[in-house]
Amino acid sequence: ATAVLTSCPDISAAEVARLLPHVRLSLRELLKWGRRMMIRVAQCSSTAHLDTATKDIMYQEAVDTFCKYLPDNKGFATIARTLGTGLGITEEKQAYILQHHKPAISATKYGPGYFAVGRQILPVYQSVDRHLAADPTFGDTKSSLCLMERLAVCVKMMEPVLLTGETGVGKTFMVQHLANALNQELLVHNLNQQSETSDIIGGYKPADMGAAGFAVSDKAQSLFAATHPAKKGKEEGKEGAADPILAQIRELTAAKKWVKLAKLVKKVAERTVASLRKRLEDAGVSAAAETRGKALKLLQAWDVLLQDASRLGEKAK
């Protein structure tokens with residue numbers, strides 16, 4: 001950092017001493033820039049020499065890597081000018097790139113399945129074509145587009161990013177907007193001073209089988225009663241067909257035998273789902289809309305219960 005600052009002919013020793021604590025130039029930044037350049041040069045149209053467009057991109061990458069984190073009064077302009085001079089970029093071109101460059105965005109220029117912002121092209125997941133300019137909530141100002149371009153480069157290079165700023169300036173929104181353009185799921189964690197590592201990567205904790213077991217039991221009993229109403233024989237003192245199963249579910253729930261309860265509910269759910277599907281197939285489209293709709297709702301509810309019982313069985317083992 002000292003060598004870069006002192007190489008500027010128009011900076012004094014006192015100014016170097018003032019800026020030095022704020023400048024972070026290390027081997028890490030050099031390796032990051034070198035990795036980016038390997039990819040950019042490989043994409044160059046000519047192998048004999050670097051064209052003007054590639055040199056401009058090299059300068060943009062150098063500025064983003066070495067000094068973009070600095071405010072104007074903490075050495076940004078000084079280091080950016082030094083980098084431009086070393087790369088052979090004229091002062092006029094430097095001024096244009098730093099002050100007037102506005103990246104263009106396009107979801108169609110490179111065909112479906114690709115999203116371009118400035119110098120970076122990213123694949124769109126599942127080939128979903130999104131027109132970013134049509135989003136009324138996004139203001140395509142120069143600063144927002146430049147930030148999106150830098151984020152896109154970091155995404156392509158798989159580099160971690162730290163965005164700083166006051167609350168409400170658009171840090172989270174910008175990341176959400178880019179993720180939406182790429183049709184990529186975004187996980188948001190709101191961190192504070194009490195946040196722990198387990199909040200991000202997860203961890204082990206004692207599982208409360210009681211809550212899950214009682215929930216499965218209650219749902220099974222209510223669904224069973226709705227699907228298999230008591231027979232008329234019950235009025236004559238005979239047990240209905242559903243009573244033995246309901247009694248067994250209640251018995252296993254009271255004893256907190258969750259593994260056996262899960263097996264029983266899963267077995268009953270599988271049979272009921274098969275029965276409901278056969279009933280719908282036999283009825284066909286000629287069945288009354290109300291009857292068919294009720295059967296479909298029961299089928300969906302039993303499918304969910306089947307999944308819950310399977311999860312309960314796995315956790316209770």
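Index from 1, following the sequence.
Ser222 places a side-chain N or O within donor-acceptor distance of the main-chain N or O of Lys219, the cut-off being under 3.5 Å. Using a distance-only test at 3.5 Å, with no hydrogens or angles considered, no donor-acceptor pair links the side chain of Lys315 to the main chain of Ala212. Between the side chain of Tyr59 and the main chain of Ala80, a donor-acceptor pair closer than 3.5 Å is present. Using modelled atom types, no side-chain atom of Ser275 and backbone atom of Arg271 make a donor-acceptor pair closer than 3.5 Å. Formation of a donor-acceptor pair under 3.5 Å by the Lys32 side chain with backbone atoms of Phe66 is not found in this model.
Atom CD1 of Ile57 sits about 12.0 Å away from atom CD1 of Ile39, to the nearest 0.5 Å. Rounded to the nearest 0.5 Å, atoms CG (Leu298) and OG1 (Thr227) are 4.5 Å apart. A distance of 15.0 Å separates CD of Gln120 from CD1 of Ile105, quoted to the nearest 0.5 Å. We find the CG-OG distance between Asp308 and Ser217 to be 12.5 Å, quoted to the nearest 0.5 Å. Separating the CZ atom in Arg279 from the OG1 atom in Thr272 is a distance of 9.5 Å, to the nearest 0.5 Å. Between Leu163 atom CG and Met174 atom CE the span is 9.0 Å, to the nearest 0.5 Å.
When hydrophobic clusters are built by joining Ile, Leu, Val, Met, Phe, Trp and Tyr residues whose side-chain heavy atoms come closer than 4.5 Å, directly or via intermediates, Phe173 is grouped together with Leu147. Connection of Leu186 to Val117 is established within a shared hydrophobic cluster, with ILVMFWY side chains joined at heavy-atom distances below 4.5 Å, either directly or through further cluster members. Cluster membership for Leu87 and Met37, using ILVMFWY side-chain heavy atoms within less than 4.5 angstrom, is shared. Linking Ile, Leu, Val, Met, Phe, Trp and Tyr whenever their side-chain heavy atoms come within less than 4.5 Å leaves Leu306 and Trp302 in two separate clusters. Criterion: ILVMFWY side-chain heavy atoms under 4.5 Å apart, direct or through other members. Under it, Leu305 and Leu252 are part of a common hydrophobic cluster.
No more than 12 heavy atoms of other residues, nucleotides or ligands shown are found within 6.0 angstrom of NZ on Lys297. More than 12 heavy atoms of other shown residues, nucleotides or ligands fall within 6.0 angstrom of atom NZ in Lys171.
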Using residues 254-270 as the side-chain source, report each donor-acceptor pair under 3.5 Å to any protein atom, sequence neighbours left out, with the distance given to one decimal.
none

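Here the closest non-hydrogen pair linking Leu83 and Ala62 is CD1-O, 3.7 Å. Between Val161 and Cys154 the shortest heavy-atom distance is CG2-CB, 3.4 Å.
Side-chain contact check for Gln221 and Arg250: at least one donor-acceptor pair (N or O, by modelled atom type) lies under 3.5 Å. A side-chain donor from one of Ser144 and Thr141 sits under 3.5 Å from a side-chain acceptor of the other.
Side-chain contact check for Arg35 versus Glu159: some heavy-atom pair is nearer than 4.5 Å. At least one side-chain heavy atom of Phe214 sits under 4.5 Å from a side-chain heavy atom of Thr253. Two residues are said to be in side-chain contact when any heavy atoms from C-beta on lie closer than 4.5 Å; Gln94 and Thr85 meet this criterion. Residues Gln176 and Val188 have side chains in contact (heavy-atom distance under 4.5 Å, counting atoms from C-beta outward). Side-chain contact check for Tyr114 versus Leu122: every heavy-atom pair is 4.5 Å or farther apart.
Every residue meeting the side chain to side chain contact (heavy atoms under 4.5 Å, CB included) condition with Lys68, not counting sequence neighbours, appears here in chain and number order: Val63, Asp64, Phe76, Arg150.
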Residue pair His100, Lys142: steps toward the side chain to side chain contact (heavy atoms under 4.5 Å, CB included) verdict: CA-CA 8 Å; His100 305 290; Lys142 186 181 83 70; 5.6 Å; no
With side chain to side chain contact (heavy atoms under 4.5 Å, CB included) as the criterion, how do His189 and Asp199 come out once you've worked through the C-alpha distance, each side chain's angles and the decisive distance to 0.1 Å? CA-CA 8 Å; His189 291 277; Asp199 296 333; 5.6 Å; no
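Cluster partners of Leu191, by chain and number: Ile200, Ile201. The rule joins Ile, Leu, Val, Met, Phe, Trp and Tyr whenever side-chain heavy atoms lie under 4.5 Å apart.
Shown are Gln184, Glu149, Met148; of these, the side-chain contact (heavy atoms from CB on, under 4.5 Å) with Leu178 is made only by Met148. Residue Gln60 is tested with Ile97, Thr65, Ile89 for a side-chain contact (heavy atoms from CB on, under 4.5 Å); the sole match is Ile97. The salt bridge (Lys or Arg N to Asp or Glu O under 4.0 Å) with Glu61 is formed by just one residue from the set Lys55, Lys156, Arg36; it is Arg36.
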